[in-house]
Amino acid sequence: MATTGPRMALAALAALGATAVFTAPAHAAPYGGDHYVHGIYVSPEAHIASDGTIHLFGEYHCTTPSPSGAVQIKATIEQEDVRLSIGGGDARCDGAVHAWSAHGTLRLTPTVHAGEALARAELQEIRFGGGLLPRSIDTVAQDAHPVRVIDHR
């Protein structure tokens, strides 16, 4: 099996990165490493729009993921026996604080209503192994707490 130039470069970069991670002192940063610091916050309110979509929003910050990965936002709302997961899109990992929002339809979950619910937001690092399917998906930051759902219908 022949090894292509980009694969060889990626393998060398991965080996160099592993060497740096495993030789760094354990006390280098307060969150376990000085290269990957992530955080996410979900707002205490969620909104149901007049068109029947639910909106969650908040803020996040993250630093550059691994060279073979990407960071995405996943948002979930749970109310009584209903759980609705909605994507929040790709995260921009430059160390700065950014706003995020996610929305999903209540067409298949019409019982979500105004009142208290549990909202969860996660930053997920997705690493690819050379193909279209991810090699691994790791939650690198999360926030979950009760929120107030406001219905604007």
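Starting from 1, each residue takes its place in the sequence as its number.
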(request) With sequence neighbours left out, write down each residue that passes ring pair (Phe, Tyr, Trp, His ring centres under 6.0 Å) with His98, or none if nothing qualifies. (result)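 In terms of ring pair (Phe, Tyr, Trp, His ring centres under 6.0 Å), with neighbours along the sequence ignored, His98 is linked to Tyr60.
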
(message) According to side chain to side chain contact (heavy atoms under 4.5 Å, CB included), who are the partners of Ala121, at least two apart in sequence or on a separate chain?
(response) Ile40, Val42, Trp100

(request) With sequence neighbours excluded, tell me which residues meet side chain to side chain contact (heavy atoms under 4.5 Å, CB included) with Ala49. (result) Asp51, Thr53, His55

(request) Return each pair, listed once, that meets side chain to side chain donor-acceptor pair (under 3.5 Å) where at least one residue sits in residues 101-118; pairs must be two or more places apart or across chains. (result)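 For residues 101-118, and leaving out neighbouring residues, the side chain to side chain donor-acceptor pair (under 3.5 Å) pairs sorted by first residue read Glu80-His113.
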
So which atom in [X] and which in [Y] form the shortest heavy-atom distance, rounded to 0.1 Å?
{"X": "Ala119", "Y": "Leu56", "value": "CB-CD2, 4.2 Å"}
{"X": "His61", "Y": "Gly95", "value": "CB-O, 4.2 Å"}
{"X": "Ala75", "Y": "Ala102", "value": "CB-CB, 3.9 Å"}
{"X": "Gly104", "Y": "Ile86", "value": "CA-CG2, 3.5 Å"}

Just to verify, what does [X] make a side chain to side chain donor-acceptor pair (under 3.5 Å) with, not counting sequence neighbours?
{"X": "Glu78", "result": "none"}
{"X": "Arg148", "result": "Glu45"}
{"X": "Glu122", "result": "Gln124, Thr139"}
{"X": "Thr76", "result": "Ser85"}

Partners of [X] by salt bridge (charged side-chain N to carboxylate O under 4.0 Å, His left out), sequence neighbours excluded?
{"X": "Asp90", "answer": "none"}
{"X": "Glu59", "answer": "none"}
{"X": "Asp94", "answer": "Arg92"}

(request) Output, in order, the C-alpha distance, side-chain angles, deciding distance and verdict of side chain to side chain contact (heavy atoms under 4.5 Å, CB included) for Ile77 and Ile54. (result) CA-CA 9 Å; Ile77 188 122; Ile54 188 160; 4.1 Å; yes

(message) Taking Val147 as the starting point, is it possible to reach Ile48 by hopping between hydrophobic residues whose side chains are less than 4.5 Å apart?
(response)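 Yes: a chain of side-chain contacts under 4.5 Å links Ile48 to Val147.
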
Rounded to the nearest 0.5 Å, what's the gap from [atom1] on [X] to [atom2] on [Y]? Could you check?
{"X": "His38", "Y": "Cys93", "atom1": "NE2", "atom2": "SG", "value": "6.5 Å"}
{"X": "Leu118", "Y": "Gln79", "atom1": "CG", "atom2": "CD", "value": "10.5 Å"}
{"X": "Tyr41", "Y": "His145", "atom1": "OH", "atom2": "NE2", "value": "5.0 Å"}
{"X": "Ile150", "Y": "His47", "atom1": "CD1", "atom2": "NE2", "value": "4.5 Å"}
{"X": "Gln72", "Y": "Glu125", "atom1": "CD", "atom2": "CD", "value": "11.0 Å"}

(message) Donor-acceptor pair, distance only, cut-off 3.5 Å: does the side chain of Asp151 make one with the backbone of Arg153?
(response) yes

(request) Would you indicate whether the side-chain heavy atoms of Ile73 and Leu123 approach each other to under 4.5 Å? (result)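 Yes, side chains in contact.
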
